[in-house]
Amino acid sequence: MVETQTNWYDSFLSFLKIHGEIIAAAISGILILLAWILSGYISHALWITLLIAAFLIGGFAKAKEGITETYQTKKLNVELLMIIAAVGAASIGYWAEGAILIFIFSLSGALESYTENKNKNELQSLMKLQPETATLLNGEVVNIHQLKPGNHIAVKSGERIPADGVILKGDTTVDESALSGESIPVMKTISDKVYAGTVNLGSSLQIEINTLPTETMFQKIIGLVQNAHEERSPSQQFIEKFEGVYVNVVLITVAVMMFLPHFLFAWSWTDTIYRAMILLVVASPCALVASIMPAILSAISNGARQGILFKGGVYVEALAKLDTIAFDKTGTLTKGEPEVIDYYIAPDQDIEYVANIIYAAESESIHPLALAMQKWAAPKRREQPDVAATVDHHNGRGLSAQAGDMTWMIGNAEMVGKQDAEQILEAMNTQEKATTNIFVKKGKTVIAVFLLKDTLRLDAVEAIRNLQSFGLQTVMLTGDNQGTAENIAKEAGIDEFHANCLPEDKVNYLKELRDQGRQTAMIGDGVNDAPALATANIGVAMGAGSDIALDTANVVLMKNNLGKMVHAIRVSKKMNTIVKQNIIFSLAVIGILIASNFLQVINMPLGVIGHEGSTILVILNGLRVLKVYEGE
């Protein structure tokens, strides 16, 4: 019974923490409405009591926030300014106007808190996706913080994987949408990597842990999101500095306004103080202060939903200012895995038998070229009978296999003989030059040649075209030779490329661009890309990249999809446009309201509605960034 009461109490406190401000604002509004409806039926004292209750309930949170912040920073702030304005209005008899000011101010504050809480709730939801326990192979259930690299765990069908590791036993499909945002499950088998927070959809697995629980990909994502929320953009930093100076100027001006118009314009003391209170309301920079942060938080949330992780608002803002994007080639523009793009087998050979030999021999190697050959052979070979082959490896050249009484060689031109290799290439009559060529020799005769190439990602060409439509120059920096680099650049539609680049060459090129005043992003995925990512104005890492690339980058494309870079820039441009709209609008409203007050054409209620209404509008306008979709 006690436990039930405790859970209920904790749930109630959690509810108040999330919704408390909006509830207080609503109660404040209801009390003001009651006071207005009953004003002709109740005593003046009861009417004042209702409005005082509206003051206290609606203004408590903001008054506490303003006083606490002023005490800690020794600087006045907008919250304190609004409380002073409301109390000032009440002190000269404008109780209703002061209460309305508190109500609308608390409502706008609740909306801003809602934006911040939405992002915090998304982070908390993300954190809940990682299991708290793991099951060892002996059946013992342990806390994930007890896991160490080398531990073996069991994960049943339907369970979330508790830590990063490698599959030891089992074939399955894994839902990785929590990490990549990609809804299609990924096939996994022995030796494949699996990540904490993803869901095992197939058969039971045995997994060897290879990462500490605090250093998993999932934990890194949580860290990135937390840092992004705490990071301030240049615009936000400027507004926060401006706010402190502006509040002091407003208070000094209001102090002067409380007596100067009485002597200069012969205003009555009541009118003078009343206008000073209105000035205190309308000159407050609430809307200006709220112009930026809701839009930035919305942009970060939008990106996270699309598999784009920004490490701070500063980077969201900076993406819209880019004029050049540099790409690494392997693993960024290309898949990073060679594949057979063309082949030629002598007409007198049995293709299925040749495929059997290649599959059997290449299965003994884990070299990327061997895996590509094995992938080609798998669907073309005869399922039965399998070829029994004794395989010998020849480092840097290829491998040889003995099948029955026949010797086979699978390797480069040097291994099979350059002259024979050139002859079969002539027989193939290929126009493709920028490839890696693998030859097959049966006995003393070269019977086949395979052209392998690291192919472009399917999304790369369209992404580059879209980036260029933004007016961005595209550059490829690669360690590959001139021929391969030229061929990939041409296929991808890259504006400029530099081949034979060592890591320091990439860094030097980016430094040259920086010295020319260019705003550059570098997109890469490997350890060798980390220095370039750190040198560029914005470093962007592919989600499947190395740990050091992910740590160094300012933006991470979790879906490993270059098209997400297009969306990131689109979100940045939209956010910057909305921020500019908000700043111009809020300054215009402040200017118009101040001028109207001096001309004595607005009263306190209109000043309150104009000023606080503009604050609500800029917050709602900032939330529009949440609705930027792919392809817009």
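FYI, side chains are in, hydrogens and waters are out, and symmetry mates aren't considered; it's all heavy atoms of this structure.
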Check against side chain to side chain contact (heavy atoms under 4.5 Å, CB included), Ile325 and Val475 = CA-CA 6 Å; Ile325 294 189; Val475 181; over 6 Å; no
query = Are Asp328 and Lys506 close enough, and set up right, to give a salt bridge (charged side-chain N to carboxylate O under 4.0 Å, His left out), and what steps lead you there?
reply = CA-CA 9 Å; Asp328 170 52; Lys506 295 181 181 181; 3.2 Å; yes
request  = I would like to know whether Asn151 and Leu147 meet side chain to side chain contact (heavy atoms under 4.5 Å, CB included); could you show each step before the answer?
outcome  = CA-CA 7 Å; Asn151 288 160; Leu147 295 176; 4.1 Å; yes
task = Begin with the C-alpha distance, continue with both residues' side-chain angles, and end with the deciding distance and a verdict on side chain to side chain contact (heavy atoms under 4.5 Å, CB included) for Val540 and Met565.
result = CA-CA 9 Å; Val540 182; Met565 186 65 184; 3.8 Å; yes
inquiry  = What verdict does the side chain to side chain donor-acceptor pair (under 3.5 Å) test give for Asp495 and Gln468, after you've listed the backbone C-alpha separation in whole Å, the side-chain angles of each residue and the deciding distance to 0.1 Å?
reply    = CA-CA 9 Å; Asp495 296 320; Gln468 290 168 337; 3.1 Å; yes
message = The test is side chain to side chain contact (heavy atoms under 4.5 Å, CB included); show your working for Gln423 and Val446 and say whether it passes.
response = CA-CA 9 Å; Gln423 287 177 355; Val446 177; over 6 Å; no
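In this structure, Gly622 and Asn582 approach most closely via the heavy-atom pair N-ND2, 4.1 Å. A pairwise comparison of heavy atoms in Gly524 and Thr332 identifies CA-OG1, 3.5 Å as the closest pair. Ala361 and Ala401 get closest at one heavy-atom pair: CB-CB, 4.0 Å. For Ile358 against Ala377, the heavy-atom pair with the smallest separation is CG2-CB, 4.1 Å. Here the closest heavy-atom approach between residue Tyr195 and residue Ile161 is recorded as O-CB, 3.7 Å. Here the closest non-hydrogen pair linking Asp420 and Val416 is OD2-O, 4.0 Å.
For the pair Asn554 (side chain) and Gly539 (backbone), a donor-acceptor distance under 3.5 Å is present. Here the side chain of Thr535 pairs a donor or acceptor atom with the backbone of Pro531 at under 3.5 angstrom. Counting only distance, with no hydrogens or angles, the side chain of Arg381 and the backbone of Tyr359 share no donor-acceptor pair below 3.5 Å. Judged by distance alone, with hydrogens and angles left aside, the side-chain atoms of Thr520 form no donor-acceptor pair with the main-chain N or O of Asn537 at under 3.5 Å. Distance alone, capped at 3.5 Å, places no donor-acceptor pair between the Lys188 side chain and the Val174 backbone. Distance alone, capped at 3.5 Å, is enough to place a donor-acceptor pair between the Asn302 side chain and the Val625 backbone. The closest donor-acceptor contact from the side chain of Ser301 to the backbone of Ser298 lies at 3.5 Å or more, if one exists at all. Judged purely by atom type and a 3.5 angstrom limit, Lys453 has no side-chain atom pairing as donor or acceptor with the backbone of Val340. Here the side chain of Thr478 pairs no donor or acceptor atom with the backbone of Ala485 at under 3.5 angstrom.
With values rounded to the nearest 0.5 angstrom, Leu168 atom CG is found 8.5 Å from Ile190 atom CD1. The line from CD1 of Ile292 to CG of Asn576 is 10.0 Å long, rounded to the nearest 0.5 Å. Within the model, atoms CG of Leu205 and CG of Asp192 stand 10.5 Å from one another, a figure rounded to the nearest 0.5 Å. Between the CG atom of Leu472 and the CD1 atom of Ile464 there is a distance of 11.5 Å, given to the nearest 0.5 Å. With values rounded to the nearest 0.5 angstrom, Gln482 atom CD is found 4.5 Å from Phe497 atom CZ. Note that CG of Leu399 is 5.5 Å distant from CD1 of Ile410, once rounded to the nearest 0.5 Å.
Residue Ile494 is tested with Val461, Leu333, Ile488 for a side-chain contact (heavy atoms from CB on, under 4.5 Å); the sole match is Leu333.
Counting only heavy atoms from C-beta outward, the side chains of Met476 and Glu496 never approach each other to under 4.5 Å. The shortest distance between side-chain heavy atoms of Met542 and Leu562 falls below 4.5 Å. The side-chain heavy atoms of Leu451 and Tyr343, taken from C-beta on, include no pair separated by under 4.5 Å. Between Val354 and Ile447, the closest side-chain pair of non-hydrogen atoms falls below 4.5 Å. When side chains are defined from C-beta on, Val194 counts as touching Ile207, because their heavy atoms get closer than 4.5 Å. Within the 4.5 Å cutoff, the side chain of Ser400 has heavy atoms near those of the Met415 side chain. Two residues are said to be in side-chain contact when any heavy atoms from C-beta on lie closer than 4.5 Å; Asn437 and Leu425 meet this criterion. With contacts defined as side-chain heavy-atom distances shorter than 4.5 Å, the pair Leu322/Ile538 qualifies.
More than 12 heavy atoms of other residues, nucleotides or ligands shown are found within 6.0 angstrom of NZ on Lys573. Residue-environment remark: NE2 (His145) stays at or below the threshold of 12 foreign heavy atoms within 6.0 Å. Other residues, nucleotides and ligands contribute only 12 or fewer heavy atoms inside 6.0 Å of the NZ atom of Lys511. The environment of CD in Gln419 is sparse: at most 12 heavy-atom neighbours from other residues, nucleotides or ligands sit within 6.0 Å. Applying the 6.0 Å contact sphere to CD of Glu462 captures no more than 12 heavy atoms from other residues, nucleotides or ligands.
Side-chain contact check for Gln581 and Asn621: at least one donor-acceptor pair (N or O, by modelled atom type) lies under 3.5 Å. The closest side-chain donor-acceptor pair between Gln519 and Arg514, if any, does not fall under 3.5 angstrom.
His498 and Tyr509 have tilted rings, their planes meeting at an angle from 30° to 60° on a 0 to 90° scale.
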